[in-house]
Structures are given as C-alpha cells and as structure tokens.
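See below for the structure under consideration.
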Number of protein chains: 2
Amino acid sequence: MQFSKSTGYALHALIHLALSERGHNIGIKPLATSLGVSESYLSKIMSKLRQDGIVRAVTGASGGYELARSADQITFLEVIHVIEGRQQLFECLNGNAHLQKEFSAIADLSGRKECLVQKVMNGAELQMQQYLQANTIQSVIDSGSIE
Amino acid sequence: MQFSKSTGYALHALIHLALSERGHNIGIKPLATSLGVSESYLSKIMSKLRQDGIVRAVTGASGGYELARSADQITFLEVIHVIEGRQQLFECLNGNAHLQKEFSAIADLSGRKECLVQKVMNGAELQMQQYLQANTIQSVIDSGSIE
DNA sequence: TCTATTGTAGATCTCTAATATCCATTATAG
DNA sequence: CTATAATGGATATTAGAGATCTACAATAGA
Ligand code: SF4
Ligand code: SF4
C-alpha cells in the first residue's frame, strides 16, 4: 500500500504554483520539466485538480495554471482525495453480511452498523486524515507551520 | 490506495484463531471456508504470518495453525507490516536530490534529511501507525478495549 | 481575422503488483 | 505405511497505475 505517484506530482505541482507570483500563470511545460514528468501525464493530474476547484486553468497563448484559492486553504487531505479517490483504506470482506457464527459476536454486536474490525481500521484512517486535514500547501512553505 | 485483501484475510484469520480454544490447531480448510477464500491463497498468507512468528503451524495429520502469542500481543500494525511490507506510504519523487531552485527551500533547508513534504506525509502515516499499534487482535474480541 | 500557443478529453498502450491456482515436497499422527 | 496437512516454487490472471498520442477547443497577440 502506497500513495500513487500522481499524488506526489499533484502536491509538488501545487507547491510550485504557490511559490510563484500571484496572478502569474504557469504552463504545463515548465511545470512538467521541473517535476521531471511528461507533459501529457501531468496535464491529466492538473485537469483533476481543476475539476475539483483547486487550481484555475487558462487555455490558449500565455495560458497556464494558478491556484484557485490561497495556499492555506488547500489541505493535503483534499489533494489526496481528489487524486486517490475517496474509498476507505479498508474494505470489509463480505459487506457486513455475516453467516459464520464465530464472527457474529464481533460484527453484529448490538446491531451496530460498523463492526469492531472496521472500527479499528477506520479509526486508524481517521487519525491520518485529521493530520492531513490540518496541514496545507502553505504549511510546507512556512516551514514553521506543520501540525 | 487501499489495504490489500490479503491484509483483511490475515486479520480475520487471526481473529478466528484467537476465538478458538487454546492448544487446538485449526486447519487451512475450515479457515478458508469460513473466510470465503481459497485454501491455496490463504495458505500463502498464513505462511507469512508463521515466518514472522505470529502463528505456529503444525504439519501433517491433525496439524494446523494456532496463535504463537496471546492475542493481546499481536498488534494490527504488526500484521499489516507483515502482509503489506514496511515501505513508507509516501515515496519521495527524486530521492531528495533537488536541482530545481524553487524546491531547495523546502527540501534542503538547514541540511535536514527529511524535507517538509515528507515531514507532513510521514507524520500522517505515523499518526495512523500509532493507532494501529495500540490496537490488538484482543481489542476486537473484548469489544470495550479499542483505543 | 489569422496564427501560434496552450489546456482538455478520449482512446489506447505498457507495466507492475495483487490476486489466484497448481503441484511436487516435506512432515507427522495414527 | 498411509492419509493428512502445511510449504515453497512456479505460474497464470486481473486490475489499476503509469504513460503517451491525437483531435479539439479556447485564447492572446499580430
Ligand atoms: S468482521 Fe467486520 S470487517 Fe470483517 S467481514 Fe465481518 S463485518 Fe466485514
Ligand atoms: S520536495 Fe521533498 S518529497 Fe518532494 S522530491 Fe523534494 S525531497 Fe522529495
């Protein structure tokens, strides 16, 4: 289990945009060159970020990308969600439909909708998400502001 | 990004073993049937758990698996590490060898070995790991003891 | 208006890791 | 001995990530 390379590229591209002057578009070419990735591939990633309202894109001559909001309004969690999707890290094996009596005590206890295995795994994910939500693109620019 | 199905099977198999009487081996057949997975596949997973000292295996007639330690000594984190491997969730894009001046402020500041992007991503992973370390197979059996 | 520039979207290809199965071998209880 | 059961290696299958190409749409500036 690892974060995809796309997530890494997205985060780095956003930092790049955040470090440039405001109101100044950066094209896919310098961005791709700087990150060491192809323009075609990075443009897919940037499109996703645009569709989710994280960056603005301007087509045509002297176009390019810029942040759609200030860097401190873009959390790591949101970027990761856009690129990786929003499914849970842990997927229940049988959709909570337990037939085995051994597991019924764990899964169905007092009609809970989340079994104890899921409670642990989802709890762990939540811990990570809270941290990722507390840190923004601005956090890595102001070296002091990492939570 | 998701936990592999193997990790789910491993956790569920361990809970199964923990719920059975002590000193009583459980074979791969009932285990696989109960989890709804093939014997061949599950046996690979069990072998990994054995190599890491989480379960004991007995070959031959009336053999099978049992926990190698008490259930409260088997953390979620350890099981996940055995099955998923121990690489970090976030992999640095260029092995910290930065040429682009825009990133040098973030990556190389005061000769740190971990850049600020990595600091956030690894920090997030650590949050999750601490939670997974605090919860054991016993936690899901004693419904009250989830951290 | 014309043209060069630049992002968009769809199709498609490759590559890797996860998933899954099969079989020959080893070990052990009875 | 023999039936049983785990092991390790080889191998097949699949899904998703990674990557590229091309036709198209939009825009700035000549
Ligand atoms: S024990 Fe929980 S996570 Fe596992 S299959 Fe049942 S409901 Fe799903
Ligand atoms: S900014 Fe940090 S994570 Fe990104 S490539 Fe540089 S050293 Fe690696």
Side-chain angles (χ1 to χ4, degrees), chain A residues 1-10 12-13 16-17 23-33 35-68 80 82-87 89-91 93, chain B residues 1-10 12-13 17 23-33 35-68 80 82-87 89-91 93-94:
Chain A
M1 181 173 64
Q2 272 195 310
F3 287 106
S4 69
K5 290 190 177 184
S6 292
T7 292
Y9 291 136
H12 286 73
H16 236 277
L17 297 182
H24 175 56
N25 285 339
I26 299 186
I28 196 72
K29 263 186 209 138
L31 215 45
T33 304
L35 298 184
V37 59
S38 80
E39 298 173 29
S40 340
Y41 188 31
L42 185 58
S43 71
K44 299 288 185 196
I45 295 168
M46 298 309 293
S47 281
K48 275 196 189 175
L49 294 175
R50 183 190 61 83
Q51 284 165 25
D52 222 79
I54 294 176
V55 301
R56 258 191 298 274
V58 177
T59 334
S62 82
Y65 302 94
E66 65 176 341
L67 296 186
I80 289 167
V82 169
I83 306 296
E84 305 271 343
R86 288 167 189 273
Q87 356 76 16
L89 292 192
F90 178 76
E91 194 176 359
L93 292 188
Chain B
M1 182 173 66
Q2 272 196 310
F3 287 106
S4 69
K5 289 190 178 184
S6 293
T7 293
Y9 292 136
H12 286 72
L17 296 183
H24 174 57
N25 286 340
I26 298 187
I28 197 71
K29 263 187 207 137
L31 216 44
T33 304
L35 298 184
V37 60
S38 80
E39 298 172 30
S40 342
Y41 189 32
L42 185 58
S43 71
K44 300 289 185 198
I45 295 168
M46 297 310 292
S47 280
K48 275 197 189 175
L49 294 175
R50 183 189 61 84
Q51 284 164 24
D52 221 79
I54 294 175
V55 301
R56 258 191 299 274
V58 178
T59 335
S62 82
Y65 302 94
E66 65 176 340
L67 297 187
I80 289 167
V82 170
I83 305 296
E84 304 272 342
R86 288 167 188 275
Q87 356 77 16
L89 291 191
F90 178 76
E91 194 175 359
L93 290 187
N94 72 350

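All of these numbers come straight from a predicted model, not from anything done at the bench. Throughout, a chain's letter reflects where its sequence line sits, starting with A, and its residues are numbered from 1.
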Euclidean distance, atom [atom1] of residue [X] to atom [atom2] of [N] [Å, nearest integer]:
X	N	atom1	atom2	result
A/Tyr65	D/dA26	OH	P	15 Å
B/Leu89	D/dA17	CG	P	15 Å
A/Leu42	D/dA19	CG	C1'	12 Å
B/Glu91	D/dA17	CD	P	15 Å
A/Ile28	D/dA25	CD1	P	20 Å
A/Ile83	D/dA19	CD1	C1'	15 Å
A/Met46	D/dA19	CE	P	17 Å
B/Leu31	D/dA5	CG	P	13 Å

Quick one: is [X] getting a side-chain N or O under 4.0 Å of the [N] phosphate, OP1 or OP2?
X	N	answer
B/Arg50	D/dA5	no
A/Ser38	D/dT20	yes
B/Lys44	D/dG8	no
A/Tyr41	D/dG18	yes
A/Ser62	D/dA28	no

Tell me, do [X] and [Y] make a side-chain contact under 4.5 Å, heavy atoms counted?
X	Y	value
A/Ser4	A/Tyr9	no
B/Met1	A/Thr7	no
A/Asn25	A/Tyr65	no

Contact class for [X] vs. all strands (heavy atom < 4.0 Å): base, sugar-phosphate, or nothing?
X	result
B/Glu39	nothing
B/Gln2	nothing
B/Ser40	base

Output a table of donor-acceptor pairs, distance under 3.5 Å, between side-chain atoms of residues 48-58 of chain A and any protein atom two or more places apart or on a different chain; print 'none' if there are none.
from: A/Arg56; atom 1: NE; to: A/Glu66; atom 2: OE2; distance (Å): 3.4

Fill in: Spacing of OG belonging to B/Ser43 relative to NZ belonging to B/Lys29, to within rounding of 0.5 Å
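So the OG of B/Ser43 and the NZ of B/Lys29 are separated by 12.5 Å.
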Item to complete: With rounding to the nearest 0.5 Å, note down the distance linking CD in A/Glu84 to CG in A/Leu89.
Response: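 If we round to the nearest 0.5 Å, A/Glu84:CD and A/Leu89:CG are 9.0 Å apart.
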Worksheet item: Could you give the start and end, 5' to 3', of the contact zone on DNA chain C for chain A, using atoms under 4.0 Å from its heavy atoms?
Response: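 That gives a stretch of C/dT5 to C/dA11.
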Worksheet item: Closest nucleotide of DNA chain D for B/Ile26 versus for A/Glu84: which of these residues is on the 5' side?
Response: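 Of the two residues, B/Ile26 wins.
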Discussion item. With nearest nucleotide decided by heavy atoms, which residue, B/Val58 or A/Ala61, maps closer to the 5′ end of DNA chain C?
Written reply: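 Going by which nucleotide is closer to the 5' end, it is A/Ala61.
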Worksheet item: Considering residues, nucleotides and ligands other than B/Glu39, do more than 12 of their heavy atoms fall under 6.0 Å from its CD?
Response: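 Above 12, so yes.
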Practice prompt. Please state whether the rings of B/His12 and A/Phe90 are parallel, tilted or perpendicular, taking 30° and 60° as the class boundaries.
Written response: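 It falls in the parallel class, under 30°.
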